[in-house]
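Let me give you the structure first, and then I'll get to my questions.
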Number of protein chains: 2
Amino acid sequence: MSRQRRSTIRDVAEKAGVSIATVSKYVNRQQSFSQAVEDKLRSAIADLGYSQNPMARSMVTGRTTAIGLAVMDIANPHYANVVKGANRVALENGYNLLVVDMEESIAAARPLLEALSPRTDGLIVSARIPPDVVKWLANLDKPVAFLGQPEGEDVLTVGTDSVQVASLLAQYLVRQGFRKFGYVGYSRASWNIERLRGLRDVLEPAGLALQVFDVDEPTSEAGERAAARALLRPDRPDVIIGCNDLVAIGLMSEARSLGFKVPEDVAFAGIDNIPTSRYVAPPLTTVDVCSQATGEVVMKQIMAMIENKPQPENLTLEPALIIRESTQRIPV
Amino acid sequence: MSRQRRSTIRDVAEKAGVSIATVSKYVNRQQSFSQAVEDKLRSAIADLGYSQNPMARSMVTGRTTAIGLAVMDIANPHYANVVKGANRVALENGYNLLVVDMEESIAAARPLLEALSPRTDGLIVSARIPPDVVKWLANLDKPVAFLGQPEGEDVLTVGTDSVQVASLLAQYLVRQGFRKFGYVGYSRASWNIERLRGLRDVLEPAGLALQVFDVDEPTSEAGERAAARALLRPDRPDVIIGCNDLVAIGLMSEARSLGFKVPEDVAFAGIDNIPTSRYVAPPLTTVDVCSQATGEVVMKQIMAMIENKPQPENLTLEPALIIRESTQRIPV
DNA sequence: CTGAAAGCGCTAACAT
DNA sequence: ATGTTAGCGCTTTCAG
């Protein structure tokens, strides 16, 4: 492996016999050139394999043409799809999307974002970070948007309304004839209270019971671990809602291992509509939270802010109920 | 939102009444200071909310303390887990991992990597990129490692041996008594021929048939679309291997929709051992390719190269057969 | 222990 | 159309 020094604008200028300013203008297509200069430049650049150093460029322009996206857990397909959406839009518009994974550790958020921020023109950040970091972000010298609503801060937010998402699901389940509800939440997430409220808004007026459980991480493994707690009890729920599909899938799987028939003995539903929710057994009823569209919309919003263009209106996306077999019980 | 200018080392120096060199040394903990200076510096930095601009720093040091990871498709849980592994190790060692998604588009690889490369001290790249880009990467002035073996280039590679992975699976399936094999490959991936060869190495000596099909993208949706082609034919295979779990899951799902009993009528197996392979119906037999460990190992390797430290030895990971119900047929 | 000054690779006035 | 020059924010000799 040849560890040759990367060639600079000065190398090109020298080889082509012009000034570095000319090279800069050529590389940035800022004007036209005499045929002679253009030819020399083209071949010098090709010979040297020169390409701009975006960092040096950024130092003077103050722009990076990169946008940062910090997610809680890239292994969660919901976030992976947000990334997909944001990435596509970014690339189409000449931006690079730089993704960092916060590993569900809110403690690590601050240093990660401090490192990411100066490398970007704008930031997209998962909502579940500490208030002081949110405040720091809000005072940053660049546009910031959040995926979900951070606690008690009035900041730019893109996504579905968590209350609405939960209500939508609860309404359907009530219609299906379920009477004893369980919710396995993730209390550390900012959206958890909202989802709970969405459920209660529907269940309390109807006089229906809601038992609440909690997992320590929003994963299928945690869902599996929580299943026994929710199921092996006299007042066992007849439907259990996972705070997201991952958790619901784990719950459902363990329920079957425990000998329960799904949905006959106990039904399950999730939230997110991750791709695999279709393929589990039985296919999981869930609410589509428009993961990819969220990424697209938040990216457009950030770009508009960077470029001082008129900004998109609708930052709240409409969730959609996805009915599958995991809740298809013949009503009693 | 206050769009105040980010404060610089000069602001801190002025406020603390010292030179910028002193601030720099303080921030980088390069020596000790008089109590007076230390106090002034601490409070000035706190007041101003100063933090270093890593780009400016990189300009002079030539180091970024960031490592780039370019994956084909972040929505593929295999890659998501590689990211997890790499990210954890990076963070533990004071590096930042910058992830970019190439969206399964090899055409976009070059510009993406050109933008990413100068922002990093080293690069980790999915193998499936064009030879000229591989060559360009190999001549870069920084360490590069590949996830898998790029076509015909002798470069640093981390991961499992695709031939071995496929052979391992085939051997087990032969032992299980399967006789007519199907493989649904993804011919655009560099590992496809190797996986095919691994299968043939086992099947041909045993005189067993292998029908080969192809998908145009390595996803569950593509697997679903391919299912009919592989199943609705007189010489239908009794076991079908998907080139990865995603494809296998799609195949299996569609097979069941088509009325086949799995594994009684036709069995399925995948490759990767993505988390959801456990939760589909029936649970999918697969080969663990150590996704997370791959990320960890490749990260350690890159760091060692950057820091000129002795490098890890084993860059080839040992795959493990994961036997689940999708192939558990009572042998004929 | 502290500071002055050079310069990383590049762009953006401002000349010519 | 092309060149000169002053920095962007920072680190790093080198002096003091």
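Protein chains get the first letters and strands the later ones, always in sequence-line order, with residue 1 at the start of each.
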**Message:** Under 4.0 Å, heavy atoms only, any strand: does B/Ser24 hit a base, just the sugar-phosphate, or nothing?
**Reply:**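 Here B/Ser24 touches the bases of the nucleic acid.
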**Request:** With DNA chain C as reference, determine whether B/Thr22 or B/Ser58 sits nearer its 5' end, using the nearest nucleotide of each.
**Result:**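 The residue whose closest nucleotide sits nearer the 5' end is B/Thr22.
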**Asked** Looking only at side chains, do A/Thr22 and A/Ser19 share a donor and an acceptor under 3.5 Å apart?
**Response**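 Present: a donor and an acceptor within the cut-off.
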**Request:** Check every strand shown and say whether B/Tyr26 touches a base, only sugar-phosphate, or nothing at a heavy-atom separation below 4.0 Å.
**Result:** nothing
**Message:** Using 30° and 60° as the class boundaries, would you call the ring planes of B/Trp191 and B/Tyr186 parallel, tilted or perpendicular?
**Reply:** tilted
**Prompt:** Does A/Asn96 reach the side chain of B/Arg119, with side-chain heavy atoms less than 4.5 Å apart?
**Reply:**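 Heavy-atom side-chain distance check passes, below 4.5 Å.
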**Message:** With a strict under 4.0 Å distance from non-hydrogen atoms of chain B, what nucleotide opens and what nucleotide closes the contacted stretch of DNA chain C, reading 5' to 3'?
**Reply:**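 Here the contact window of chain B covers C/dC1 to C/dG9.
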**Request:** Take B/Lys135 and B/Asp132, measure what salt bridge (charged side-chain N to carboxylate O under 4.0 Å, His left out) needs, and give me the verdict at the end.
**Result:** CA-CA 5 Å; B/Lys135 204 159 293 163; B/Asp132 64 302; over 6 Å; no
**Message:** Considering every strand and a 4.0 Å limit on heavy-atom distances, what is the contact class for B/Gln31: base, sugar-phosphate, or nothing?
**Reply:** base
**Request:** Please say whether more than 12 non-hydrogen atoms of neighbouring residues, nucleotides or ligands are located less than 6.0 Å from CD in A/Glu114.
**Result:** yes
**Prompt:** Can you check salt bridge (charged side-chain N to carboxylate O under 4.0 Å, His left out) on B/Asp101 and A/Arg88, steps first, answer last?
**Reply:** CA-CA 9 Å; B/Asp101 185 348; A/Arg88 199 179 54 66; over 6 Å; no
**Message:** Within the 4.0 Å heavy-atom criterion, would you say A/Glu38 contacts the bases, only the backbone, or no part of the nucleic acid?
**Reply:**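 Contact class for A/Glu38: none.
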**Item:** Non-hydrogen side-chain atoms of B/Ile129 and B/Leu113 separated by less than 4.5 Å
**Value:** yes
**Message:** Using a 4.0 Å cut-off to any heavy atom of chain A, which nucleotides of DNA chain D are the first and last in contact, reading 5' to 3'?
**Reply:**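 In short, chain A contacts DNA chain D from D/dA1 to D/dG9.
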**Complete:** Result for 5'-nearest mapping on DNA chain D, choosing between B/Ala56 and A/Val37, is A/Val37
**Request:** Kindly give the heavy-atom pair with the smallest separation between B/Gly122 and B/Lys142, and that separation in Å.
**Result:** N-CD, 4.2 Å
**Asked** How would you label the contact of B/Val18 with the nucleic acid (heavy atoms, under 4.0 Å): base, sugar-phosphate, or nothing?
**Response**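 The answer is sugar-phosphate, as B/Val18 gets under 4.0 Å only of primed atoms, P, OP1 or OP2.
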